[in-house]
Amino acid sequence: MSDLTQSQTVIEIDVRDAEGRVLQRYQLADDGDYIIGRDREIAHILIDDKSVSRRHAVLRRKGDRLALADVGSLNGTLIAPTSERAGARETTDGWQDWPRDAYATIGLFSLYWRADAMIAEAGDGDDQASPVITTLGADRGVEATSDEQGAEADASGAATDLTQLFATTELVPFSQLLATAEKLDIPVETKDYLCIGGGMGSFMFVDHLRIVGVSAQAIRVIGVDPDPVRKWADYCQNSQIPAHERIRSHSASTPDNIWGFPGYALRETWQRVRAGRRDALEPVLRVFGEPLFAETYTPRLGDVLASVSREAQRIGWQGMVRCGRAIALRKLDDGRYALHFRTPLQPGQGEETTRDWICIARHVHIATGYPAIRVLTVLQDYRRRHSDDPSVVNAYEPHDELYRMLEKRGGTVLVEGRGIVASRILQRLGELHQRNPTIRIVHLMRYPVTSGHRSDLARRPVRHHVEVQPFNWPKACWGGALQQRLERADSAKRSEWMDVWGGTTTADRKNWRVMLAEGTRQGWYQPVFGDLIKVRRRDGQLALTIQPPKHASRQTISADALIDCTGLVADVTTSAFLRDLIDTHALPRNRAAGTGPERGMSGLRVTNAFEVKALRTGSGRVYAAGIITANGPYAAVDSFLGLSFAALRAIDDLVHSRTAGLRRFGPLASVRQWIKWCRGVSP
Amino acid sequence: MTPTLLGRWQTRLVLFLVIVSPVTLVASWLLGKSGGLSAEPFGLAAAMLLTGLVFEAIAQQLQRFRWDQDWPFALFVGQAVCEFWVAFVAIRLDFVPGLEACDLARIDRVSRQIACVDYALPIGPAMVQAAVIIALSLVFVTGVAPVLFPRWRYRGGQFSGFHRRD
């Protein structure tokens with residue numbers, strides 16, 4: 001801490017967004033209670049976002065200690081515990097002790113003690129704006145704002161050394177790293193395999209590793225949540241897929257089982273047989289007849305989640321994962337890699353407890369997933385002006401409140417977007433319409449679609465102005481002729497084809513077709529075409545200005561709510577960790593075509609075996625998987641089957657490179673492991 | 001399934017080895033008189049293999065009309081049924097040149113008792129044999145192959161030559 005803060009005993013709190021960027025900095029000058037929330041009138045620590053309640057939590061400063069109390073927020077307040085001691089935290093009277101090195105979660109944001117904040121910033125690069133600093137005094141008034149003070153304050157201290165070590169050279173000398181770590185008291189652990197991300201991509205790679213014979217002790221996973229399926233499950237639940245509903249995934253796309261057998265359809269049939277149901281054979285018959293004689297079988301969300309939890313337990317996931325954020329990855333001079341990561345503190349160990357870690361590994365896997373939820377600029381503007389408005393939401397955010405309001409009061413909802421999430425939101429609204437017939441749906445799509453894309457000799461069908469295909473890519477992209485073509489093509493051809501095969505599509509489900517046809521006939525569903533260019537609030541309603549395609553004149557629609565279903569951001573530079581990696585190692589990226597928001601900014605370039613070749617050093621290898629490899633040699637990277645493919649491909653590549661001492665996973669080993677899976681015993 | 005042409009052919013040959021051959025042997029043994037082997041099931045199996053290799057090429061072209069470029073299980077079975085009838089009729093009408101000679105020559109070595117040159121091929125046993133082959137093939141491609149060969153389903157049914165290193 002600087003002299004300034006010490007002499008005034010100011011505690012500084014950073015407000016960080018989901019990507020770790022510091023948005024605001026608050027200096028707490030005095031003891032007392034500070035309200036955290038998004039209501040400008042009452043909040044001292046203001047977080048202007050829908051994920052934060054108006055009066056979310058109270059922060060209490062007493063001397064050098066901080067404590068937090070949730071005050072009935074919608075999304076809760078959490079002092080993040082570490083994986084080892086999860087649940088060991090003690091609370092009294094609703095107050096949670098907030099040690100210096102733990103962070104607090106407020107909606108989608110995190111609050112850090114200032115000292116904890118330094119390292120992440122160093123990795124964020126130059127283009128990050130300095131945070132606004134607000135000093136809260138005894139009267140809780142704003143005393144001063146400054147951009148420079150805070151930046152000066154972290155010029156000294158332990159973290160800077162590590163930052164310097166990581167910033168000055170591309171190959172970090174191993175001995176120097178050890179010396180620095182010892183000096184700064186940063187623990188260093190060495191593993192054979194290091195997986196960064198901790199979500200489904202990491203999980204499926206680790207699952208394959210364990211099954212081909214790597215022990216759990218040789219693997220370290222760094223993830224934001226100890227549960228590999230958490231982030232994906234949250235997206236599903238927010239976009240209105242309850243556990244009993246079906247997801248857009250194939251029966252044989254089994255994240256818990258590397259063979260795809262038994263698939264979810266066979267398992268569901270077995271469940272039904274045991275329950276003595278007469279329709280027990282329906283799931284497997286559907287797989288047999290799909291998509292010609294039956295609608296494509298899709299598994300239930302709840303079944304998928306349960307199966308992943310089971311497999312996580314079987315392979316010992318809990319012992320491998322450590323909750324934390326990856327800060328920076330560097331090549332070492334001995335042909336390995338060093339990851340600097342930061343974990344929340346174990347409570348009750350005092351101020352000395354270390355929160356920075358180094359993990360050294362020869363083989364690294366990166367699967368950090370979608371960096372962010374995409375919020376359209378026009379909606380960002382609106383939210384900035386009307387932070388308390390629960391009627392304007394993104395489909396991937398929690399927004400159950402909106403449906404409760406609609407069911408009670410009725411009204412017009414504008415749904416924007418035409419993908420699978422839009423379909424699911426429309427279904428939810430259609431169900432609400434049954435209960436409250438005054439609900440009307442205006443469906444905004446950018447342009448009308450009457451005939452689908454062509455590829456080879458086929459044309460993609462269109463239903464209600466949306467192109468439909470069972471999954472988000474044509475099936476042959478997962479392991480057929482289209483995948484083979486893609487793997488052998490150059491980057492220009494790849495982006496051209498993927499633009500045709502992918503795009504925004506939905507599934508052709510009969511209940512959706514019937515609902516939209518009925519809604520159109522009865523007048524409560526209406527498609528509208530154009531771009532949303534302005535959102536205002538007028539006479540207690542939303543006034544939405546829409547620019548139709550082809551320079552037609554603008555129109556304004558009144559609505560009571562707006563649900564934006566335009567998706568998630570796949571731009572890798574949105575993640576501070578990836579941006580640092582790309583900048584430091586000059587990583588090449590894939591071209592992206594198309595007209596969507598991801599145009600020109602796509603995934604990391606990987607080989608056909610998913611290696612990030614630009615990061616190769618000595619016998620060390622870095623592989624990537626998931627959406628961060630978008631527009632590369634494989635189209636369906638953001639799917640369970642795609643992640644499974646990427647994992648197997650990367651491991652086969654490791655076997656081939658002879659750097660990992662892995663044996664090829666042949667038929668005998670495969671059958672042996674499959675039997676172990678069936679028995680539910682550890683691989 | 002989303003097979004490539006090479007995948008179709010390779011899978012077909014593997015199916016011939018692990019499903020068709022044993023089933024045919026059993027059928028031949030069951031139909032054989034006085035403990036010997038019957039030639040007809042082998043004739044049918046060989047004719048179905050030849051028809052199948054041609055049908056796979058046709059099916060692969062038809063598959064291009066499908067947006068997903070896939071070959072659903074229903075079509076897999078439908079295709080096999082068509083192959084059976086074509087093979088059956090071809091044998092009955094003696095349209096498969098050289099089949100009897102080469103087939104019987106092989107069987108003669110296995111069992112000296114068979115010298116059957118006249119190809120009767122009764123429909124009942126032929127249908128049972130084909131049905132068992134088709135059913136077991138379906139079990140193989142849906143359950144057995146993925147467990148034995150975890151990469152097979154990602155390679156359009158190919159056992160080798162699908163991927164290219166870069």
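Order of the sequence lines fixes the chain letters, A, B, ..., with proteins taken first and strands second; residue numbering starts at 1 for each chain.
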**Study point:** A/Phe645 versus chain B, the contacting section by heavy-atom distance below 4.5 Å
**Key:** both
Exercise for review: Identify which part of A/His656 has an atom lying under 4.5 Å from any heavy atom of chain B, answering side chain, backbone, both or neither.
Suggested key: side chain
Point to revise | Side chain, backbone, both or neither of A/Phe471 within contact of chain B (heavy atoms, under 4.5 Å) | key: neither
Exercise for review: Give, as side chain, backbone, both or neither, the part of A/Trp478 having an atom under 4.5 angstrom from any heavy atom of chain B.
Suggested key: backbone
**Study point:** Residue selection (most heavy-atom pairs with chain A, distance under 4.5 Å) from B/Gln61, B/Arg66, B/His163
**Key:** B/His163
Check your understanding: Going by distance alone, is a donor N or O of one side chain under 3.5 Å from an acceptor N or O of the other, for A/Arg485 and B/Gln69?
Key -> no
**Study point:** Pair B/Arg12 + B/Glu83: basic N to acidic O under 4.0 Å
**Key:** yes
Review point. Where on A/Ala252 is there a heavy atom nearer than 4.5 Å to chain B: the side chain, the backbone, both, or neither?
Key: both
Practice item. Against chain A, work out which of B/Phe149, B/Tyr154, B/Phe73 has the most heavy-atom pairs shorter than 4.5 Å and name it. Key: B/Tyr154
Exercise for review: Let me know if A/Leu668 has heavy atoms under 4.5 Å from chain B in its side chain, its backbone, both or neither.
Suggested key: neither
Review point. With a 4.5 angstrom heavy-atom cut-off, which part of A/Val284 approaches chain B: side chain, backbone, both or neither?
Key: neither
Point to revise | chain B contact via A/Glu487 - side chain, backbone, both or neither, heavy atoms under 4.5 Å | key: side chain
**Study point:** Heavy-atom pairs under 4.5 Å with chain A, option from B/Gly156, B/Pro150, B/Gly157 with the top count
**Key:** B/Pro150
Study note, to complete from the structure: Assert top hit (heavy-atom pairs under 4.5 Å, partner chain A, pool B/Arg155, B/Met1, B/Arg64) equals B/Arg64
Review point. Where on A/Arg649 is there a heavy atom nearer than 4.5 Å to chain B: the side chain, the backbone, both, or neither?
Key: side chain
Review point. For A/Asp652 and B/Arg151, what are the C-alpha separation, side-chain angles and deciding distance, and is it a salt bridge (charged side-chain N to carboxylate O under 4.0 Å, His left out)?
Key: CA-CA 10 Å; A/Asp652 280 345; B/Arg151 300 163 191 87; 2.5 Å; yes
